[in-house]
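Right, one structure below, let's go through it.
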Amino acid sequence: MSDAILALDNVSKTFGRADNPVYAARSVSFGLHAGRTLALVGESGSGKTTAARLIMREYTPDEGQLLFRGTPLGKANAKALKAYRASVQMVFQDPFAALNPTHTIRYHLERPLRLHQPKLNSKERTAAIEELLTRVKLDPALLMPKYPHELSGGQRQRISIARALAVNPQVIVADEPTSMLDVSVRLGVLNLLNDMKAQLGLALLYITHDIATARYVAEDIMVMYAGQIVEWGDTESVLTNPQHPYTRLLLSAVPDPDRRFSDTRFSEELNRIEFIRRQSALPQPETREVTKNHFIRPMPE
Amino acid sequence: MTDPVLSIRNLNIDYIGAEKDFHAVKDVSFDIAPGEFFGLAGESGCGKSTIAFAVSRLHRPPALIRKGSQILVGGRDVLSLTDDELRRFRWREVAMVFQSAMNSLNPVLTIETQFYDVLKAHTRISRAEARTRAAELLKLVDISPDRLSSYPHQCSGGMRQRIVIAICLALNPKLLIMDEPTTALDVVVQREILQRIDVLRKELGFSVLFITHDLGLMVQVSDRIGIMLEGELVEVNDAQTIYRTPQHAYTKRLWASMPKLHGEQIREGAQS
Amino acid sequence: QNVLTLSSEQTTTFVRNFNPFGQTSARYTTLDFMYEPLVVFNRLKGNEPNFRLAESYELADDLKSITFVLRDGLKWSDGEALTADDVVFTYDYIKKFPALDFISVSAQLASVEKVDDRTVKFTLNEPNSLIANTIVGMPIVPEHIWADIADPVTFANENPVGSGPMTEITRFTPQVYEQCRNPNYWDAENLKVDCLRMPQLADNPQVLAALADGTLDWATSFIPDIDNTFVAKDPEHHKYWFTPSSLVSFQVSQITPDENNRKAFTDVNFRRALSMLIDRQTIVDIAGYGYPLVNEDPASLGELYKAFANPEVETQFGRYGKFDLDAAVALLDENGYVDADGDGFRDNPDGTPIAIDIMVPNGWTDWIDAVQISIESLTEAGLNVKMSTPEAAVWTQNLIDGTYSMTLNALASAANPYFPYIRSFNPGDFGKSRFTAPHWENAEVMTLLDQYTQSKDPAEQKSLMDQVQLIVAEAMPIIPVYNSPSFYEYNTSRFTGWADAENPKYSPVVSNANPARLLQLLDLDPVAQ
Amino acid sequence: MTFLLRRLAFYLAAFLAAATVNFFLPRLMPGDPIQIMFASAGSELSLENLNALKLTFGFIDAPLGEQYLRYLQSVFTGDLGRSIKYFPLPVTELLGRALVWTLGLVGIATLLSFCLGTFLGVMAAWRRGTIFDSIVSLTAIFSSSVPAVVVSLIMLFVFGYQLGWFPNGYAADPLLDPGFNWTYISSVLHHGTLPMLTMVIVLTGGFAVTMRNNMINLLGEDYIVMGRAKGVADSRVMLWYAARNALLPTVSSLAIALGTVLGGSLVTEVVFNYPGLGNTLYQAIIARDYPVIQGQLLIMTAAMLIANFVVDLSYVLLDPRLKKA
Amino acid sequence: MTLFRQLLSNKKAMVGITILLIVILVAIFAPFLTEYSPVKRVGRPHQAPSWEHWLGTTRLGHDVFARLVYGARVSLAVGFGAGLAITLIGTVLGIIAGYKGGVVDEVINFFTNMVLVVPNLPLLLVLAAFIGQASPLVIAVILGLTSWAWGVRVTRSETLSIRQRDYVKSAEMLGEPSWRIMAFEIFPNLISIVGINFIGSVIFAVITEATLEFLGLGDPNTVSWGIMLYNAQNASALSVGAWWDLLAPCFALAVLGLGLALINFAIDEIANPRLRTGGMLNRWTRMVRIGEGKL
Ligand SMILES: Nc1ncnc2c1ncn2[C@@H]1O[C@H](COP(=O)(O)OP(=O)(O)OP(=O)(O)O)[C@@H](O)[C@H]1O
Ligand SMILES: Nc1ncnc2c1ncn2[C@@H]1O[C@H](COP(=O)(O)OP(=O)(O)OP(=O)(O)O)[C@@H](O)[C@H]1O
Ligand SMILES: [Mg+2]
Ligand SMILES: [Mg+2]
């Protein structure tokens, strides 16, 4: 993973009191590469958002470290931290909450420019804002003076993306960016993310519980369970040939109009969930490579 | 074909505004047959919940069911019920699971009391009998009867969801309305719950009005589906038919924007 | 058994405390009614003595000692004999516990000795012809009770043993108490009232309510618009009679810290002008509801000490005591107090500004009204005047130190004009008492007052007092405004024998500052029901 | 349990802090208490006598630190000194006498107005938008915005002076012996009516507005809709589904409202000359009866703390979510 | 700005604002409304209302109407001055406590809770008494210094919830300095809470000032509604039947209080759409009555 822009190296994070710990991340390692999207899927509470927050430095890891361009960020100086800030941006789940209802769209895009490109004069700044809006396929003249509540969900999410782009980041972390959007606009936002990734060579971490969209946008996928990454690798490979029992369970639970509901196979799978829960608490064996670029952390027997 | 459990005709619902009214439901008509699993899909804000509320007449001002609308449940005209009849009608005929189960249990009453409330409102039953009945119902949804003395906050989300379903079944209703019952849950739990509903439906023979915006799920579980767009019901048909050969342009667009888990990936979907 | 209901004290709750030395904490019916004075001097009759426990007193010719003789057969209410020993004990006692000496009499006494069982001799430090007035203010307590009290200051004396007419507490609650006949009272045949009842009344409106509905027989309370609010309710029985008492006057500090103000205040013409700018009648009518008595006497004695007045004062200086805006303005102009710097206010003759701050204690509303009324005319005459209302404590301290510019001050009435004069002008009291607030010194006045106490001859006394008055009136260190009234309301439906304007036999005010109330009590007769 | 322990610790700290402020307050202010006392009494005490008196009243000339420690010691042993004005009555007893009246007045008035206000608020929210709602909200807004002084003065004017239905002051006829007999009790009731009414008027509006708003906020909650959908009787939904939950924030603000209640009762007591704590404080302030003022502030603070604690307790009882945590 | 525009379209707010405006105008144009000086005797004591003295005269013979209109100045000045101070302190501390968290929060929160449990009016009373001759300015200052706790509490709890919003997070991620986040990201979202706090504080200040003055702790030189009450009470206005002396300031206070409370209620409705009733309910009721539909 030498060419990873950003990497988590064996990071662990535990919440709660000693008598009742919540392992939100257990020895999590992965890297984000320029021009590639990595999807992180898993059940709710499995630690996906924790991983994102670790990257955003909202949480400090209990163990392990965050590597930025190969150097650990733990003891980085202020300048390096600022550079890191400018390089890693986030797109939030709730498009309404992500924008301050009291500020115009213009303000939302102006602030990052002022902070990260202080040399721009006001004309240049306006030009930059217009460019950003055009890039996310919105009409600058129409939108700049508007307030968030005057926009649709899809438009708002595009503004969030534009704001993230305003600082010229190399990495974008998107935590369930489309789960609050209507089906019909969801795809537009996903396509936009894909375009940005391709055009700007961004590294994208796409967090979701909707595996179908993960398949749609991501080259690589990781399945997380109880704070652990249990299976990861090439998206097609993982989805067509799931190895870990949890991945299988997850896949069979995903609603799929092509499969009839009364499929009894799921009930059998369900019976395994207790087993999985129990097993996941035990010490974990080493990872195993299934095929090229497809790994699992097998369940202890 | 037997008489439908639910029959909606020309349903018009407005939200009265200070100056202008908002037509939330426009001239909607559809039927649900006994034992049928009927899905109602559409974007957020298209009026799905408004219809669901109207069936049990749960609306509060400024909602207004316009005259000329008709809602028949088991042949009875719901819109002409008196207050007392209405009270007895609710839950006995139509029970409802709300958008988020997390919040549909009263936080300050024990689970037992919430069962008891229903049973006492509709039947003559002693506290002890109610408890036995509640325990039975909980068993149906795989929850230990110990939970009866717990408060909602002491149960996990999935558990609460199942408890609500158990409460719904308390009076053997003819129709169960589920308004996006699983949005807050992850796919595994969601699947588990729907599967259980499906089994119970077959066992007990009630019909289901299932509201969601997850189209994949809808096709998977429903017998028939209605697609709504801005207050209008644009297409109603058999689940598989609507999935494989959609008629309305909007339905087509919906399918087109749905990424698939298996097989051929959709190409450049519709742009908003 | 008849009961007289009275209100001499306004409070929200009664505490069972009958310690006669506890000036602020004892029930107001303790003095006089429980502990009878040796003598009651009648101020309305030129200080005529009414002998009570004492049957006579004798002032030595050198005025350096005084001897009181007690009546024969006096008894305490518990039956023990009341003798000279008790008197001596009392004076020893207040020497031992100075906190008890609420009238500061010890300091004036060299010794107190028993002559025989009924005779006590007080030896004085300085000759003083008026010492009897002071001595009778100290209650005499029974030795057999008080000798054993460890801490008499905090002693509540809940079951008093006294010498007065009403010593037995028959009922005591925080809301009401009753005080009945002393079974061993020496003057029992004159006492027709069996019991006193004191209901707890918290303020003037409550007293008024009780008076108006006829519950109260005897009260001392300010009552607004009394003819309408009280008398009109039962004109036949509801009566009142207000007598002049303490003097309220404007005073300016001769040692005020502000140098420019001091220049004006030390000028007698300025003080005279101030005096002529005070609209006394309006103040009395409005701030005082017409109850006080205007005092226009430049020597500040007024109606209260009418008997002592020197007519010369009126002829020579009388005009300075009367409100006359034009004359005041002329006097100011004439003496160079004109607006020099054009700010609209008069300045000193040398051009320095005068800015007067009239200080009144916070919450003393009638005074505040009086000052506000005065400010109107003072301002009209072009003086820069405003009012401030600090805490009473701050005010007191400023008056004691002389660090104020102008103020209203009050001086309690006394039996003899000697007392107001000595209290106001004695340099020995400067910095100790608020009554010397003007800090005005005059050696001649002090000498004359000194001679006054050392003279026994009425003619000589009169001439001395006349001289003092003339000096004071000429200098006008104090600008008199009015004498406040002593409030006295009564109801004749149950008792008769009240003093009133037609029969001003003594001051009938029931407040604890008036020992003559004892005389009134003894004169009352129940109306046959 | 930890929740309550934490609160308890806080209350202790708060009490200590209040006691400290209480100690320093009069010492930082101008004027000598004894001087003031006798200034208003108009007596002429010599300086020496004054000093002797000061000692008996417990004004010790020790260093501040020592004074402070002694003060704290006496506070925690429940000794608040003796009143100067009502000497030698211990402050605790004086306040005890007043407390009875205030507890009666404030307690009943608060209870009454809380119940009435809450009930009106619940009904108004339930009948949202009806004339009943408009009347209740408007009256509530009005009554909660009018100063207690104004209400009490107007009550006094109308019912005390104009109509003469009620006495103008005090808690009972002073000529009656206190006791458990009808004459006395009826006199107490007669005297208490106006102050009580005043306080109820002043307080009810606030409770009603709070409750109404809380209710309305809750009415959209799923569990209330579900309550209705279940066919449970309307009254039960209103009371046990809506009001019961809406009560929680109201209860937590009740403790703070108590401060307002105490303030309101102070004014009311002064206007009606009711012999409660507020009036006692007022009289003490006028007479500069320092021991009483200090004791009073302390007692009022302690009362607030206790009330807060009771509210905390009842909150825990009312909200099952707090029980385990 | 939108808040203001919304206020203008709210009926309750309009009535409230109108009342407030009238009081403000009366205060500003006091000298034009009356020929009398509020501090000069212009009539006999306690004259009943007449053509010459619209609201009668006081015990001292001052014109009640003149004192009332001039007194509005003091009530408004103290109300708004103290209200501003209370709100300012409350808001700043509340935002800091809520946003910074940790020790800062603990400390602020402790003091807030402490101030909250000390009964306010009695404390003010004692303070005013100790300070003595409390002028309106002094009253405003002590009000400001002792009454901010409630504001801190509500602002803090609201800040706590806003702090969790994603837009605050994204501002942090962009590297905005924390003062800017508090001032520009959080504060604008608190406007309605601050508004309610402000108007509430103004009501409180107006009431408390009047109360303190009524209890005799004010400066008698002041011409204010509280002092008017005090003077009237002292002149036993009620027992001598001079009701106008006492009732005039009473009604003035009640009306100002009502105006402010209406504004407050309206802000509440605007901030919380659920509370809004507005015209729609009337329309709804009408439509149900004519049988256009039902629930
Ligand atoms: N600040 C925190 N304090 C305590 N526990 C936390 C905290 N943040 C997360 N957790 C716990 O850590 C676990 C992982 O949480 P996380 O938010 O990462 O899950 P997630 O996979 O993002 O879930 P979702 O799909 O619901 O967003 C959960 O059990 C959560 O309760
Ligand atoms: N109380 C109300 N007043 C005014 N308009 C309302 C009200 N409730 C709902 N609406 C409007 O009615 C429309 C239909 O609402 P409804 O809740 O039925 O939508 P939905 O299809 O259930 O959406 P979702 O999937 O988000 O739950 C929406 O546009 C909504 O804005
Ligand atoms: Mg819905
Ligand atoms: Mg000048």
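Because the structure is a prediction, the values reported are computed rather than measured. Residue numbering restarts at 1 for every chain, and letters A, B, ... go by the order of the sequence lines.
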Given the options [options], which has more heavy-atom pairs under 4.5 Å with chain E than any of the others?
| options | answer |
| --- | --- |
| D/Val149, D/Ile141, D/Val271 | D/Ile141 |
| D/Tyr282, D/Tyr11, D/Phe15 | D/Tyr282 |
| D/Val267, D/Asn213, D/Ile154, D/Leu277 | D/Asn213 |
| D/Leu262, D/Thr130, D/Ile293, D/Leu281 | D/Leu281 |

Let me know if [X] has heavy atoms under 4.5 Å from chain E in its side chain, its backbone, both or neither.
| X | value |
| --- | --- |
| D/Ser143 | neither |
| D/Val209 | side chain |
| D/Asn308 | side chain |
| D/Leu266 | side chain |
| D/Leu153 | both |

[atom1] of [X] to [atom2] of [Y]: how many Å apart, nearest 0.5 Å?
| X | Y | atom1 | atom2 | answer |
| --- | --- | --- | --- | --- |
| D/Thr301 | E/Leu123 | OG1 | CG | 8.0 Å |
| D/Ile131 | E/Thr285 | CD1 | OG1 | 9.0 Å |
| E/Glu269 | D/Ile216 | CD | CD1 | 8.5 Å |

Note, [X] side chain near [Y] side chain (heavy atom, < 4.5 Å):
| X | Y | value |
| --- | --- | --- |
| D/Leu138 | E/Leu262 | yes |
| E/Leu260 | D/Ser145 | no |
| D/Met304 | E/Leu116 | no |

Which heavy atom in [X] sits nearest to a heavy atom in [Y], and how many Å separate them?
| X | Y | value |
| --- | --- | --- |
| D/Gly263 | E/Leu121 | O-CD2, 3.3 Å |
| D/Pro147 | E/Leu253 | CG-CB, 4.2 Å |
| D/Phe10 | E/Met114 | CZ-N, 3.7 Å |
| E/Ala254 | D/Phe142 | O-CE1, 4.1 Å |

When only pairs under 4.5 Å are counted, which of [options] shares the most heavy-atom pairs with chain D?
| options | result |
| --- | --- |
| E/Asn264, E/Leu238, E/Leu229 | E/Leu238 |
| E/Asn120, E/Leu258, E/Val115, E/Val206 | E/Leu258 |
| E/Ile207, E/Thr211, E/Ile203 | E/Ile207 |

- prompt: When only heavy atoms count and the cut-off is under 4.5 Å, which of residues 245-252 of chain E reach chain D?
  reply: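 Residues E/Leu246, E/Leu247, E/Cys250, E/Phe251 are the ones that qualify, each having a heavy atom under 4.5 Å from chain D.
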Parallel, tilted or perpendicular: ring planes of E/Trp243 versus D/Phe157, cut at 30 and 60 degrees: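 E/Trp243 vs D/Phe157 ring planes: tilted.
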query: So which part of E/Phe110 gets closer than 4.5 Å to some heavy atom of chain D, the side chain, the backbone, both or neither?
result: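 Backbone plus side chain of E/Phe110, per the 4.5 Å heavy-atom cut-off to chain D.
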field: Toward chain D, the part of E/Trp284 with a non-hydrogen atom under 4.5 Å
entry: neither
message: I'd like to check the salt bridge (Lys or Arg N to Asp or Glu O under 4.0 Å) partners of E/Arg283; sequence neighbours left out, ordered by chain and number.
response: B/Asp21
